[in-house]
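Working notes for the structure below.
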Protein chains: 2
Amino acid sequence: MSKDYGQFCGLAKAARVLGERWALLIIRDLSIGSRRFKDLHDGLPGVPTSVLTARLRELEEAGVVERRAAAPPHRGVVYELTPYGRELQPALDALGRWGALRMAAPEPEDIITGSSLAAALRAGYQPGAAAPAATYLVHAGPATAWAHTEGGELTVGAGPPEADPDLVIRAGPQLRLLLAGRLSPAEALRRGMVEIEGPHAAFEAFAAAFQVPLEADLHSAETIGEGRS
Amino acid sequence: MSKDYGQFCGLAKAARVLGERWALLIIRDLSIGSRRFKDLHDGLPGVPTSVLTARLRELEEAGVVERRAAAPPHRGVVYELTPYGRELQPALDALGRWGALRMAAPEPEDIITGSSLAAALRAGYQPGAAAPAATYLVHAGPATAWAHTEGGELTVGAGPPEADPDLVIRAGPQLRLLLAGRLSPAEALRRGMVEIEGPHAAFEAFAAAFQVPLEADLHSAETIGEGRS
DNA sequence: CCGAATCCGGCATGATACTG
DNA sequence: CAGTATCATGCCGGATTCGG
């Protein structure tokens with residue numbers, strides 16, 4: 001293995017598998033749900049098909065990704081994470097939170113996908129917020145994702161949810177500031193930055209349950225008691 | 001930014017900075033303490049100096065690493081993490097634990113460094129174990145690191161500690177099995193796989209306070225109550 | 001259409017040598 | 001000690017082509 005770092009170190013072994021270009025984003029999308037080759041290609045603009053093929057093969061060989069025959073309605077293949085790959089979730093979420101620390105507003109060329117939105121919601125979930133069971137449908141610009149909270153447990157997905165949502169949130173890039181706690185739910189509605197369909201209280205619960213801090217707010221967020229240990 | 005993935009996603013932004021070759025290992029070493037160019041080069045066998053230079057420059061530009069004049073006794077420069085870089089620690093630890101899941105025994109060419117050993121101890125620390133304040137000096141083959149626990153807080157470092165340790169542990173690759181919970185402290189001593197200098201109880205406390213599970217033991221470790229949420 | 005394989009230019013990496 | 005210079009190799013990005 002010429003790509004191995006030659007160190008008996010978990011981080012070194014992880015870096016060998018995850019350090020290749022596009023690998024983390026492929027895993028991000030698969031961590032939200034199973035995907036076909038085209039789904040991945042569409043959700044990762046810029047990845048050459050050759051690289052996507054190579055990466056999927058490597059991840060399969062590493063035991064992170066599994067290639068399966070698609071369910072009856074479709075034909076072809078679907079890719080999904082193995083149980084070993086699903087163990088990556090805490091690390092993915094931690095990395096995502098770190099990367100979001102300096103991500104206040106999108107660059108002009110930045111896109112948002114359903115999978116990345118779902119991953120952000122998962123990374124920001126506060127199990128301690130103890131919200132009532134609810135299903136949220138979130139539109140951030142062109143991207144759509146859903147989250148279902150129930151008894152401290154969270155389920156997320158890209159696209160619209162199967163069940164009818166309790167609350168629909170329609171926002172633009174301002175959603176980032178809401179998740180960072182920079183913008184209160186009431187203020188967001190008052191200024192027209194976010195539109196909702198559903199009870200106001202559900203929106204308050206959403207804002208409390210999903211928090212992705214910005215670097216400058218780290219200390220204050222912790223002292224307020226919303227911080228992650 | 002041709003290297004950016006063009007997505008408004010924390011994971012994508014993190015991958016851009018951390019996905020370059022050697023970046024995670026450089027940050028790992030710096031997360032243990034400040035390092036000079038030569039320290040990093042010695043601790044990362046195989047990295048070309050040109051790549052190390054380039055990576056340090058990029059990480060500095062990204063605000064992760066800081067380049068400073070060395071403290072008076074020496075001259076030259078030292079590299080260290082910025083506060084922003086130190087925010088990576090939870091993600092580093094999570095990645096390290098994941099990478100260690102399938103790392104039962106070292107490959108023939110795998111080396112262990114003081115920094116990687118210190119990082120492993122940090123990743124495996126169980127704040128809940130509530131051990132008494134203690135300083136441990138750990139030798140794993142040629143590598144040396146120390147850990148100090150005090151009231152749930154942990155400090156680690158590479159090489160020998162400044163203060164006299166309460167317990168000295170001398171082990172080979174078998175230390176991995178001890179950290180995984182596959183080998184009990186008593187058994188390790190009885191079979192001569194680990195040698196200690198210090199009270200037996202301190203060794204028991206060490207084994208309880210530092211746990212880095214293997215994949216096959218994940219479920220049992222959780223049911224036993226030693227798991228990470 | 002889906003899931004790739006192929007070809008090609010360019011850049012990053014790895015190895016080695018060299019310098020202030 | 002702390003890098004810079006040079007060069008062969010190989011991976012990545014982009015486009016096209018191909019089989020089912």
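All values below were derived from every heavy atom in this structure, side-chain atoms included, with hydrogens, water molecules and symmetry-related copies excluded.
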Task: Member of B/Leu214, B/Asp217, B/Leu218, B/Val212 meeting the side chain to side chain contact (heavy atoms under 4.5 Å, CB included) criterion with B/Leu101 - done: B/Leu218
Task: Spacing of A/Asp39 atom CG relative to C/dG3 atom P, expressed in whole Å - done: 8 Å
- [ ] Mind calculating the distance between CD (A/Glu58) and C1' (D/dC11) to the nearest angstrom?
- [x] 10 Å
TODO: Report, as a single string ordered 5' to 3', how protein heavy atoms within less than 4.0 Å touch nucleotides 14-20 of chain D: B base, S sugar-phosphate only, - not at all.
DONE: BB-----
Open item on the list: If I take atom CD in residue B/Glu20 and atom P in nucleotide C/dC11, what distance separates them, rounded to the nearest angstrom?
Closed with: 15 Å
TODO: Check whether any side-chain heavy atom of A/Val78 lies under 4.5 Å from a side-chain heavy atom of A/Arg35, and answer yes or no.
DONE: no
- [ ] Answer yes or no on whether B/Arg21 is positioned over the face of A/Tyr5, meaning its NZ or CZ is under 6.0 Å from the six-membered ring centre and within 45° of the axis.
- [x] yes
TODO: Evaluate the criterion side-chain contact (heavy atoms from CB on, under 4.5 Å) for residue pair A/Glu107 and B/Gln7; output intermediate values, then yes/no.
DONE: CA-CA 9 Å; A/Glu107 305 287 320; B/Gln7 301 205 358; over 6 Å; no
TODO: Return the nearest nucleotide to the side chain of B/Trp22; candidates are D/dA2, D/dG13, C/dG14.
DONE: C/dG14
TODO: Look at all strands and tell whether B/Thr53 reaches a base, only sugar-phosphate, or nothing, counting heavy atoms closer than 4.0 Å.
DONE: base
- [ ] Output yes when at least one side-chain N/O atom of A/Tyr79 is less than 4.0 Å from OP1 or OP2 of C/dA4, else no.
- [x] yes
TODO: Could you state the atom-to-atom distance from CG of A/Leu52 to P of C/dA5 in whole Å?
DONE: 11 Å
TODO: Would you sort out whether B/Val77 and B/Arg36 count as a side-chain contact (heavy atoms from CB on, under 4.5 Å), showing the intermediate values?
DONE: CA-CA 6 Å; B/Val77 288; B/Arg36 318 225 251 138; over 6 Å; no
Open item on the list: Can you give me the closest heavy-atom contact between A/Trp22 and A/Pro48, atom names plus distance?
Closed with: NE1-CD, 4.4 Å
Open item on the list: I want to check one thing: is the phosphate of C/dC1, taken as OP1 and OP2, less than 4.0 Å away from some side-chain N or O of A/Arg36?
Closed with: no
Task: Between C1' of C/dT13 and CD1 of B/Ile26, the distance in whole Å - done: 13 Å
Open item on the list: Rounding to 10°, can you tell me the angle the first-five-pair axis of the helix from C/dC1-D/dG20 to C/dG20-D/dC1 makes with its last-five-pair axis?
Closed with: 30°
- [ ] Name the closest nucleotide to the B/Phe37 side chain, picking from D/dA2, C/dT13, D/dC12.
- [x] D/dA2
Task: Nucleotide C/dG14, atom P - distance to NE2 of B/His41 in whole Å - done: 12 Å
Task: B/Arg35 CZ - D/dC1 P separation (whole Å) - done: 15 Å
Task: Any donor-acceptor N/O pair, A/Trp98 side chain to B/Tyr84 backbone, under 3.5 Å - done: yes
Task: Nearest non-hydrogen partners of B/Gln211 and B/Leu178, listed with the distance - done: NE2-O, 3.9 Å
TODO: Could you tell me the separation between the CZ atom of B/Arg55 and the P atom of D/dT4, rounded to a whole number of Å?
DONE: 14 Å
Open item on the list: Under 4.0 Å from OP1 or OP2 of D/dA2: is there any side-chain N or O of B/Arg67 that close?
Closed with: no
TODO: State which of C/dA4, C/dT13, D/dC1 makes the closest approach to the side chain of B/Lys38.
DONE: D/dC1
- [ ] List the atom of B/Ala147, the atom of B/Leu154, and the distance in Å for their closest heavy-atom pair.
- [x] CB-CD1, 4.1 Å
Task: Closest to side chain of A/Val77, choosing from C/dG3, D/dA2, D/dT4 - done: C/dG3
- [ ] Name the orientation class of the two ring planes belonging to B/Phe206 and B/Phe210 (parallel below 30°, tilted from 30 to 60°, perpendicular beyond 60°).
- [x] tilted
Open item on the list: Just N and O in the side chain of B/Arg21: are any of them under 4.0 Å from OP1 or OP2 of D/dC11?
Closed with: no
